[in-house]
Amino acid sequence: MNSDPYSLKVRKLFANTAHAGDIPGGVSGFYEDQGVRLRLSASVTDGAMTALRFQAWACPHVIAAAEMVCSLFEGRPVADLELFNTAQIMDDLGIPVEKTGRILVLEDTVRSLGQAIQDRTDH
Amino acid sequence: MNSDPYSLKVRKLFANTAHAGDIPGGVSGFYEDQGVRLRLSASVTDGAMTALRFQAWACPHVIAAAEMVCSLFEGRPVADLELFNTAQIMDDLGIPVEKTGRILVLEDTVRSLGQAIQDRTDH
Amino acid sequence: MSAANEWLYLDYAATTPLDPNVAERMREVRQTSFANPASNHAAGRLSATVVDQAGVQLAELLNTDPGRFLWTSGATESNNLAITGVAKQRSHLGRHLVTMRTEHKAVVDVFRALEKQGFDVSWLLPDADGQLSVEQFEAALRDDTQLVSIMHVNNETGCFQDIATLGGICRTRGITFHVDGAQAAGKVPVDLEALPVDLYSMTAHKFYGPKGVGALYIADGTVIEPLMFGGGQQRRLRPGTLAVELIAGLGAAAAESASRLETDLLHLTALKQQLLLGIETIEGVCVNGPKSGAYPGILNVSVADIEGESLLLALEPLCVATGSACNSQSQEPSYVLRALGRSDMEAQSAVRFSLGRPTSKADIARAIDLYRAAVVKLRSIAPGHTT
Amino acid sequence: MSAANEWLYLDYAATTPLDPNVAERMREVRQTSFANPASNHAAGRLSATVVDQAGVQLAELLNTDPGRFLWTSGATESNNLAITGVAKQRSHLGRHLVTMRTEHKAVVDVFRALEKQGFDVSWLLPDADGQLSVEQFEAALRDDTQLVSIMHVNNETGCFQDIATLGGICRTRGITFHVDGAQAAGKVPVDLEALPVDLYSMTAHKFYGPKGVGALYIADGTVIEPLMFGGGQQRRLRPGTLAVELIAGLGAAAAESASRLETDLLHLTALKQQLLLGIETIEGVCVNGPKSGAYPGILNVSVADIEGESLLLALEPLCVATGSACNSQSQEPSYVLRALGRSDMEAQSAVRFSLGRPTSKADIARAIDLYRAAVVKLRSIAPGHTT
Ligand SMILES: Cc1ncc(COP(=O)(O)O)c(C=O)c1O
Ligand SMILES: Cc1ncc(COP(=O)(O)O)c(C=O)c1O
């Protein structure tokens, strides 16, 4: 009737947000909706995201998901951002369906980051 | 909220109805009302009630009161039956007011006994 | 007043003592899980698992899903919630309701209150044994009948109603069927998966659980209006902080009952047989309720020519029930026994012996002696019975 | 989930653990007096004396007569019974009712239900501290006002209402006055002899008594309709087998509270002071509720720019309340704090610390550390707060 809303994975990621923070001089994407504010920043070298950081005003599920995304994509080519998959993240972390909207904000932030990197590259 | 409806006196008299019974060849009074049936019997010698017995189909309060009446009046002159006092008996035995009607049946039985003794004497 | 240890308690249908295993489970819960199960923190969640576990235990006893129970304060509340809840919920469809004259007050008085609110109640009479006939039942149903409430086991006589058949009839007609199972749950086998029952009331203290907690089973698809408002607990149907320890006690009592139902019934059957043999030899004694097939924990007898109140006092230190079981304070002759065709005279002398797990053969022997002695004594006092 | 012994429970306004003396009394009663207090035999009468004694204990705590209480399952039921009971009883005289927006759900939702039944409810707003002004109150009363319900101590902020004055006004106008005292009875001095209160609700588990039992005080001359029917128990106003052990527990908890009310309050006052000093140095923290004069067992604070759900998780193993105290399952920002003029943003970060008898200075120090660390952490993560 009142079960733990947080999976062990969510709890671990939330407790240890190694990728929280900003990258001065990096590229960033930002999105805000559903009471969630998210920012993803990256240092990009040779088309790869050598560092990824997030900032969030959000519930634990979003924070955990953002932390996971950073550690997943850090070191990988920018193009891999396309692989971001809301459903899979929710499944991996055991995020309840009611939170789908908020995880979509993360998806939008990822897109926004991809776009910003693209923009900077084009520029 | 649910206190003992019976005083110690009532309990004692009810438990030990030494005067329960009939007196074959004696004089008796009878009265029935309020779901109570009462019979008082006496042997009368020289205007005194040398023995008194009761029979009752009644609640514990009436049985106790009948027992008390018998032991009170046994050995005393018939005229003393006039001294029967419902209020005092109820007070003595701690009988709740709701039972007044039933104790009045006892009073009527005492009257009926007095009348029967009178009738036999006249006869 | 006698000391507690002299008493011979044979009033287990009124209430039972707490089972030691249940008490132990409650002690444990008290120590580890006192938080509010609705609280959004770790302590609250632990309490919630305790409540969930109790639901599983109750569901196992009654063969149903744990999610179908509401926790209440007892069968009185469960009955009120079920009956009023359905009557109001379905009042736009019709206002005809059906019940029996021999129901417990916690059903009878709810229907009386609904009558005052303009509902039309049919009060069915059982036969002399207490049984409702299927023909009579079917004849009472109408097109606008919305709710039927029939008890499972009668609290005064132990008589069973055929709720499987009655419920089946209700189901084919789309009528909601409520069963007051206060004297059945935890005491006799109840299979809510198999029974065509929409609502089933129970109370823990009748089966060695704590007083102050009960449950209402609500079948899938049955909709009721709440009786109380406030807070979102229990799907808004029954608000209030959940009494974790009591609910755990109910669950533990259910588990205990489940594991010993057969043993309990065999034990009670033997004792009732002993009691009946000992008592029916007394002249003028007659059994109220079915001669056979009744719940073995209850034996209700009347005796000719004996005044009930004096009988009760003469029986001390035997603790048994007279009149309506759950509210013996009123000395009126039982309306249940009168509905069975007993005279006022018979009904007023009725004594309900109800036996329980702790009852022994020696207790029964003593009860027989006490009963016989009381009858003999009162007969010896009564006019017309002296020699 | 952390183990129970690591938790730091500061949610005593939601519910309290059982006092050891209360537990001992309940154990005693369980062993000697399990019979139904309505049963007409010696065992039943012993149970009845146990219930009577609990009434005396509660009456002593609240300075009134023992005969004025109904035993219920808790404050939710007491509130429902009082409010619906008066509204229905007096509906022929008028259908206007008055309450506040900051009442507990167990009052708010009852009035909402009455509104649906055609009653006209005025919902009064407090000032920014949570206090209802006497002028505003008087202005809301009408000739057809039948019932006013105002809580004694607010469960989220600890704010007191001036029930003596408000009740006095009701009395001169012949309006029935109900007070939800769930957060006051057993916790602060309450003198029902002196207070112009007609109905007063309480629940044992808020003052170290058992869950599942409460009481409703009904002043002489106040008439209410029952919520449930069945059996003649409790003057037909609240039927059902009395939960002897729970009632004895409530009584014992009342006695315990009576003997240590001052000590408890001094203890809590010192702890709250310590907590406030430790927390208010954190930038952006603001107290919800009165700056002074509130119940010392409750401190409610909001903090700028912090997401509430993450705050709660970051605070673990601290067990505190967010949102509406008694139903924290819903994550909506507290309607109580919004009524005080707090923004959604402020309300959603609100944390209610509630302290109790077992709380120590070390606990408070730990709570301060945990709170500060959580705020610092979440701020460090948030966009716009990084350096
Ligand atoms: C058949 C039946 N229904 C309902 C009840 C009411 O149960 P409770 O008093 O626990 O609410 C009882 C006993 O009291 C009962 O025997
Ligand atoms: C002010 C107030 N009223 C009523 C209640 C309801 O009490 P219970 O849940 O015990 O019925 C509570 C707490 O839950 C409360 O704090």
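Every chain is numbered from 1 and lettered A, B, ... according to where its sequence line falls, protein lines coming before strand lines. No hydrogens, no waters, no symmetry mates; every other heavy atom, side chains included, goes into these values. From a predicted model like this one, the values you see are computed outputs, not experimental measurements.
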*Check whether Ala23(D) gets within reach of chain C through its side chain, its backbone, both or neither, counting any heavy atom under 4.5 Å.*
both
_Thr16(C), part contacting chain D, at a heavy-atom distance under 4.5 Å_ = backbone
*Against chain C, work out which of Ala243(D), Cys319(D), Gly240(D) has the most heavy-atom pairs shorter than 4.5 Å and name it.*
Cys319(D)
*Heavy-atom distances under 4.5 Å only: say whether Val110(C) touches chain D with side chain, backbone, both or neither.*
both
_Approximate separation, where rounding is to 0.5 Å, of Trp71(D) CH2 and Ser73(C) OG_ = 15.0 Å
*Residue selection (most heavy-atom pairs with chain C, distance under 4.5 Å) from Val244(D), Ile247(D), Leu227(D)*: Leu227(D)
*Which one of Glu245(D), Lys211(D), Gln31(D) has the most heavy-atom pairs closer than 4.5 Å to chain C?*
Lys211(D)
*Please determine, among Leu315(C), Asn80(C), Thr76(C), the option with the most heavy-atom pairs under 4.5 Å with chain D.*
Asn80(C)
*Tell me, side chain or backbone of Leu18(C) under 4.5 Å from chain D's heavy atoms, or both, or neither?*
side chain
*If you look at every heavy atom in Trp7(D) and Ala43(C), which pair is closest and at what distance?*
CZ3-CA, 3.3 Å
*Results of side chain to side chain donor-acceptor pair (under 3.5 Å) for Arg112(D) - residues two or more places apart only*: Asp109(D)
*Nearest 0.5 Å, what's the CZ-OH distance between Phe34(D) and Tyr12(C)?*
5.5 Å
*Would you call Glu24(D)-Arg27(C) a salt bridge at under 4.0 Å N-O?*
no
*Where do Phe229(C) and Phe111(D) land on the side chain to side chain contact (heavy atoms under 4.5 Å, CB included) test, with the steps shown first?*
CA-CA 9 Å; Phe229(C) 303 90; Phe111(D) 279 105; over 6 Å; no
*Under the side chain to side chain contact (heavy atoms under 4.5 Å, CB included) rule, what do Asp11(C) and Asn36(D) come out as? Steps first, then yes or no, please.*
CA-CA 9 Å; Asp11(C) 200 9; Asn36(D) 184 338; 5.8 Å; no
*Does a side-chain N-to-carboxylate-O contact under 4.0 Å join Glu225(D) and Lys116(C)?*
no
*Side chain, backbone, both or neither: which part of Val107(C) has an atom under 4.5 Å from a heavy atom of chain D?*
neither
*Heavy-atom side-chain contact between Thr203(C) and Thr241(D) under 4.5 Å*: no
*Taking the side chain as C-beta and beyond, is there a heavy-atom pair between His41(C) and Glu316(D) under 4.5 Å?*
no
